[in-house]
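Notes for the one structure printed next.
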Amino acid sequence: MNSLNQTWKELLTRIPAPADNPAASCAEPESAFLRDRPLLHISPPTGWLNDPNGLCQYQGVFHAFFQYSPFTAEGGLKFWGHCTSPDLLHWDFKGVPMMPDELFDCHGCYSGCALPEDGLLYLYYTGNVKESGSHDYVHTGRQSNTILAVSDGMQITEKTLLMTNNDYPSHLTRHVRDPKVWKQDGTYYMIQGARTDKDQGVALLFASLDRENWRFIHTLQTAKPFGYMWECPDLFELEGNMVLSVSPQGVPADGLRFQNRYQSVVFFLKGDFRSAVVGDACQELDAGFDFYAPQTFPTDDGRRILIAWMGMPDETTYGNPTVSYGWQHTLTLPRELSIQDGTLCQNPVRELSAWWNREAAFTGDFCCRSERCFELELVSQGGNAMVTLAGGLTLSYQEDTNQFDMEFQNPQLGNGRKKRSAKVKILSRIRLVADLSCLEVFLNNGETVFSTRFYPQSEGYEIQVQGCIQGIYRTHA
Ligand code: FRU
């Protein structure tokens, strides 16, 4: 039993009786509690999880906070849940350190980040406040407060209100949120997402010399609007490039691109980020169904890691049956970022490769019964290839169209999810990580990634591989 399962079990014994806590009413028996629950992906013990927040390595330990509604699997008032890990694979749930308990955050402790410095964790986040009265909560009625909470890594000792809507540029709606802070050349920078009064998604840059007093310095935006709102922006240096990551809302589908309700994309900035104009060309970060609001952080050994919410806000055509067991959503696996030929690549952290301790290598076609958690690494020579999971989810490549499809033939398996596709010029490698109801597929060393939740009816199911020249099936005993 790994430590995360252990923590859930302990937690289960502490969850109040159903009458006090609606989420807990579905949490028993234990088989339902653990059903579909991944081993390595962060999931909430009860209730609803969304964006990763405050990702960092602090005093050697990895911390992942997340948007959390503990009392209902359908979402509600937002707290921050908290997990820690020694290795980015095994996560311990540490409780709910951030609560909407001040007038300036009383309708939700919205997304934010962590800055580890001087032996403390500085947590920046948005305090959401909805005023009473008749409002659309876009142009009036909402306060988006920028708040700093100081933590020792476990508890929050103080909260300070840093900025209100009056401190943001005046042409914005009330939607301003999700601060991400970093330090560069002796200056602190903060980026926040916003919606202008002309319904354009933009990112705001602020600077500070002391972590507390912030000055607005620049708006990062495309020449033509790309969505009406940018959520959860991030800006980081990677291999000499300044990468702007945003989660835009309101971008129409464009052929195979932008098929989800909301998107997550990166732009490579040209020139100084403090004055840059964002170019038109962006890269969609994930071609699957369940990926939103990614956040990155640097590790002590110099890697840049990305974790996203493995879910999709406001999606009505597909869902997650775990709601009936009292919890919903997970985060993605932590992914290492790199750049190859101008493309941002994402691959599972190297700790995962070291964790598998059983493997079976094969050449040609392959068929086996799966474990609950496994990895398949396949080599292809660019011809047609197909992986079928549980007889009803196909991952297939068509050489003549250069198209890779993820398609649910069995509706129960996808719970409403149907098909997502991406163009892949030459398919050389497929790496697939399945962890109970979480599936992530990395093509060509992470150039293209598909993330999805899926719901096989039994823990072991058939895996079939056709058209690849060789492969390795890996598990952990
Ligand atoms: C993105 C988001 C953020 C916000 C948070 C609220 O999913 O809408 O913009 O801070 O979720 O939970």
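In each ligand, atom 1 is the first atom listed, and ligand 1 is the first ligand listed. In what follows, residues are counted from 1 in the order of the sequence shown. Hydrogens, waters and symmetry mates play no part in the numbers below; they use all other heavy atoms, side chains included.
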Report task. Using a strict cut-off of less than 4.0 Å between a Lys/Arg side-chain nitrogen and an Asp/Glu carboxylate oxygen, indicate whether D286 and R335 qualify as a salt bridge. Result -> yes

Query raised in the report: Is any NZ, NE, NH1 or NH2 atom of the basic residue among E336 and R303 found under 4.0 Å from an Asp or Glu carboxylate oxygen of the other?
Result: yes

Query raised in the report: Hey, which atoms in ligand 1 end up nearer than 4.0 Å to a heavy atom of S111?
Result: 5 (C), 10 (O)

Query raised in the report: Counting each atom of ligand 1 from 1 as listed, which ones have a heavy atom of Y292 under 4.0 Å away?
Result: 1 (C), 7 (O)

Query raised in the report: Is the closest basic N to carboxylate O distance between K180 and D234 below 4.0 Å?
Result: yes

Requested in this report: Answer with yes or no whether D51 contacts ligand 1, where contact means a heavy atom under 4.0 Å from a ligand atom.
Outcome: yes

Report task. For ligand 1, note which part of N128 has a heavy atom under 4.0 Å away: side chain, backbone, both or neither. Result -> neither

**Report entry** Protein contact to atom 8 (O) of ligand 1 [nearest heavy atom, distance to 0.1 Å]
**Finding:** E231 OE2, 2.7 Å

Report summary line: atom 12 (O) of ligand 1: closest protein heavy atom, distance to 0.1 Å, is Q67 OE1, 2.6 Å

**Report entry** Ligand-side contact atoms (ligand 1) for residue partner D178, heavy atom cut-off under 4.0 Å
**Finding:** 3 (C), 4 (C), 9 (O), 10 (O)

Report task. Name the orientation class of the two ring planes belonging to Y262 and Y292 (parallel below 30°, tilted from 30 to 60°, perpendicular beyond 60°). Result -> tilted

**Report entry** Within-cut-off N or O pair, R177 and ligand 1, under 3.5 Å
**Finding:** yes

**Report entry** Ion pair check, K224 and D280, cut-off under 4.0 Å
**Finding:** no

Query - Cationic N near anionic O, under 4.0 Å, R372 to D435 - result: no

